[in-house]
Amino acid sequence: MKVIIAEKPSVGRELAKVFGATTRKDGYIEGKGYSFTWAFGHLLQLAPPQEYGYIGWRKEHLPMLPAKFKLSIRKVKTKDGFVEDPGVRKQLDIIKKLFDEATEIIVATDAGREGELIFRYIYYYLKCKKPFKRLWISSQTDEAIKDGFRNLKPGTDYDTLFNSAHARSQSDWLVGMNATQALSLSAGNRSVLSLGRVQTPTLAMICARFLENKNFVPQTFYQIAIQLDKDGQLFKAISVANFNTQPEAQAVFDKVQDVASGFATGGNITAVEAKPRKEPPPLLHDLSSLQQEGNKKNGFTADQTLNLLQNLYESKLVSYPRTGSRYIGDDVFATVPQLISTLTDHQLFGNQATFLQTATLNKRSVNAKKVTDHHAVLITGVKPYNLSKDHQAIYDMVAGRMLEAFHQECVKEITKITIESGSVFIANGTVIRSAGWRSVFNEVEDEKKDEENPALPKVKVGELLPIVNKALLEKQTKPKALYNEASLLKALETSGKEIEDEELRYAMKDSGLGTPATRAAIIETLLTREYIKREKRSLVPTQKGLAVYEVVKDKKIAQAELTGQWEKRLEEIRTGASVEEFKAEICEYTKTITQELLLAGIGISAQFAEAAV
DNA sequence: GCAAGGTC
């Protein structure tokens, strides 16, 4: 008998279905000479410090550098502290039984670094010696699955991938566990002051933005607004120049030839420009873009959106949620017309679904090369009923975005009129000529400028119009906004873009800071530690968070670039570079950061005592 | 008590 092990139940069941295996057992499915089983993500993790004899938090233990790492069963937090997850233990027992009976194992965990690690940790923990082959597919359609099984790879082809995964895992443990204990002990051991490759740069981003915002000195400047009349249609124009002082602005203001100053037609049209602008439809949603939208539209936290989406996934209403891709392959695209047809009676956008049934679908979101482990989030075509308000909101975001993504482009006409009257003024106007994808939600754009006219009248160069109103506006420059969940998620995704080094940036491109599956948890960790708090919709640091930031802000552990550097090395390991060299460097860095944090302690203990008040 | 990674 052959055993096929997937990363999660949904994939295991899908594979069984393709093979026609139907006998449901506890924790696996049997049939056609195969057993299909699954993990629930990582079942095993690197054992905590106490399992290497580092009992209690003590400076003498630091740095903790286990000679050989151990694995332990994933724990859950209960009221009696951390205990082995009983569900995980049970599934591991099932996997062990199946592995023992197996003639061969086929590894069908997700095609990536963590997928490889999930299987290998199980395999080594169970001390299994059976031969294994690797299924490597990037799409879950029947055809892709069958094709993958016809082309199984030798398990050892992925040894270097496992090496890179294991190095990632150990490095995070070494740096995170040691830095956390060092800082906590240093600061007087009053509370857990956690540090890590991902959470600390994230905290640093929030703190830096907060301080920049708080210390921002607004500059006053002046503008002049005028209102013109074209055959009864009024429109607004703003001075091209900004003025730093009131008298400067006043002098120009006085020269405006408005009706009240005795000029019947003092506005001279010197230029008219009108050009169409085409806006392609937005891409389908990945988890991060959905979390951003959930935050903007409904005020959901990243964690809430993930949970709601997970529920919809478990009810088979949407596809796999923790995806980082905003594309689908051609095979999935072939099912889109059918999915659209399930929405024709939707009360919000049923008419748009009906329209799309006969329209040519836009293929901007179709690109098999940009589909990684999982494709973009789609509805499944299963009809929802009786969803809670929040579940419905998320479902509609997925369904509505699908309609938008395959809809036509939106065509706008951008008009710019230049007027002279003592000084130069510009009137901007935007008219939607063809709404296209924007007709799905029919919402006003969020970045509408307040000085923008919806539509401008037809005017010609040389025309003279009456200026019926003028105003001197006093304005202030604004600081960058504080982070909220939406803007923070976006910043985590693209932190690579702010990195100068080309090669480092490339290594960051696909990873950013954290992964789609973990970003919500990172924000929650910072909240749990009381490093940050929610203030209305913003995320702001607490005194404690700022105190941690002050200690680490110039250290490598607080830089997003650290992840980029690691990713570059891990990719080299995947292609065969020495893992020992990298591990040695990580050990060195662990010693350095631990030492620095322990030394920092003398000065900072008092500061944390204050922050605790 | 602690990381980051995955998922019910």
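All heavy atoms count here, side chains included; hydrogens, waters and symmetry mates do not. Chain letters run A, B, ... following the sequence lines, proteins first and then strands; every chain starts at 1.
- Atom C1' of nucleotide B:dT7 and atom CD1 of A:I118 are separated by 8 Å, given to the nearest angstrom.
- Every residue was checked against the salt bridge (Lys or Arg N to Asp or Glu O under 4.0 Å) condition with A:R209, not counting sequence neighbours, and none meets it.
- Residue contacts shown for A:L43 are absent, as no nucleic acid heavy atom lies under 4.0 Å away.
- Among the heavy atoms of the strands, none lies under 4.0 Å from A:D85.
- When distances run from any side-chain atom of A:Q310 to the nucleotides B:dG5, B:dC2, B:dC8, the shortest one goes to B:dC8.
- Looking at heavy-atom distances under 4.0 Å, A:Y313 makes contact with sugar-phosphate atoms alone, never a base.
- Going from atom NZ of A:K59 over to atom C1' of B:dC2 covers 17 Å, rounded to whole Å.
- For A:R322, there are no salt bridge (Lys or Arg N to Asp or Glu O under 4.0 Å) partners, not counting sequence neighbours.
- Between the side chains of A:E530 and A:T542, not a single donor N or O lies within less than 3.5 Å of an accepting N or O.
- In this view, A:D172 and A:R168, A:R197 satisfy the side chain to side chain donor-acceptor pair (under 3.5 Å) rule, not counting sequence neighbours.
- Rounded to whole angstrom, the span from the NZ atom of A:K75 across to the P atom of B:dA3 amounts to 15 Å.
- Checking the phosphate oxygens (OP1, OP2) of B:dA4, no side-chain nitrogen or oxygen of A:Q45 falls inside 4.0 Å.
- OP1 or OP2 of B:dG5 lies within a sub-4.0 Å distance of a side-chain N or O belonging to A:R197.
- Within the structure, every side-chain polar atom (N or O) of A:Q181 is placed at least 4.0 Å from both OP1 and OP2 of B:dG1.
- A search for salt bridge (Lys or Arg N to Asp or Glu O under 4.0 Å) contacts involving A:K90 returns A:D26, not counting sequence neighbours.
- With A:F582 as the aromatic partner, A:R569 does not meet the cation-pi criteria of under 6.0 angstrom to the ring centre and within 45 degrees of the ring axis.
- For A:L44 and A:G56, each mapped to the nucleotide of DNA chain B holding its nearest heavy atom, the one lying further toward the 5' end belongs to A:G56.
- Across all strands shown, A:E116 has no heavy atoms under 4.0 Å from either base or sugar-phosphate atoms.
- A close approach under 4.0 Å does not occur between any side-chain nitrogen or oxygen of A:R113 and OP1 or OP2 of B:dA4.
- Residue A:S169 places none of its side-chain N or O atoms closer than 4.0 Å to OP1 or OP2 of B:dG5.
- At least one side-chain nitrogen or oxygen of A:Q199 sits closer than 4.0 Å to the OP1 or OP2 atom of B:dA4.
- Regarding A:N178, its CG atom lies at a distance of 13 Å from the P atom of B:dA4, rounded to whole Å.
- In this structure, A:V192 reaches the bases: a heavy-atom distance under 4.0 Å links it to at least one base atom across the strands shown.
- Counting to the nearest Å, the P atom of B:dC2 and the CG atom of A:L597 are 18 Å from each other.
- Atom-to-atom, CZ of A:R190 to P of B:dC2 comes out at 19 Å; the value is rounded to the nearest Å.
- Residues satisfying the salt bridge (Lys or Arg N to Asp or Glu O under 4.0 Å) criterion with A:K75, sequence neighbours excluded, are absent altogether.
- Within residues 579-595 of chain A, no residue has any heavy atom closer than 4.0 Å to DNA chain B.
- Nucleic acid contact for A:P9: sugar-phosphate only, since backbone atoms but no base atoms lie under 4.0 Å from a heavy atom of the residue.
- Of all nucleotides listed (B:dA3, B:dG5, B:dC2), B:dA3 comes nearest to the side chain of A:T525.
- In this structure, A:R529 reaches the B:dC2 phosphate: one of its side-chain N or O atoms is under 4.0 Å from OP1 or OP2.
- Both the sub-6.0 Å distance and the 45° axial angle are not jointly satisfied by A:K97 relative to the ring of A:Y28.
- Atoms CD1 (A:I55) and C1' (B:dC2) sit 14 Å apart, rounded to a whole Å.
- Projected onto DNA chain B by closest heavy-atom contact, A:Y54 and A:R322 fall at different nucleotides, the more 5' of which corresponds to A:Y54.
- Residue A:E314 has its side chain nearest to B:dC8 when only B:dG5, B:dC8, B:dC2 are considered.
- Remark: the backbone N or O of A:A521 is paired with a side-chain donor or acceptor of A:T525 at under 3.5 angstrom.
- Using a 4.0 Å cut-off, no side-chain N or O of A:R58 falls inside it from OP1 or OP2 of B:dG1.
- In this structure, A:T518 does not reach the B:dA4 phosphate: none of its side-chain N or O atoms is under 4.0 Å from OP1 or OP2.
- Once the 5.5 Å centre distance and the 30° plane angle are applied, the aromatic ring of A:W173 is found not to be stacked with the base of B:dA3.
- If you check B:dG5, B:dG1, B:dT7 against the side chain of A:E7, the one that comes closest is B:dT7.
- Atom CG of A:D172 is separated from atom C1' of B:dA3 by 6 Å (rounded to the nearest Å).
- When distances are taken from the side chain of A:E114 to each of B:dC8, B:dG5, B:dC2, the shortest belongs to B:dG5.
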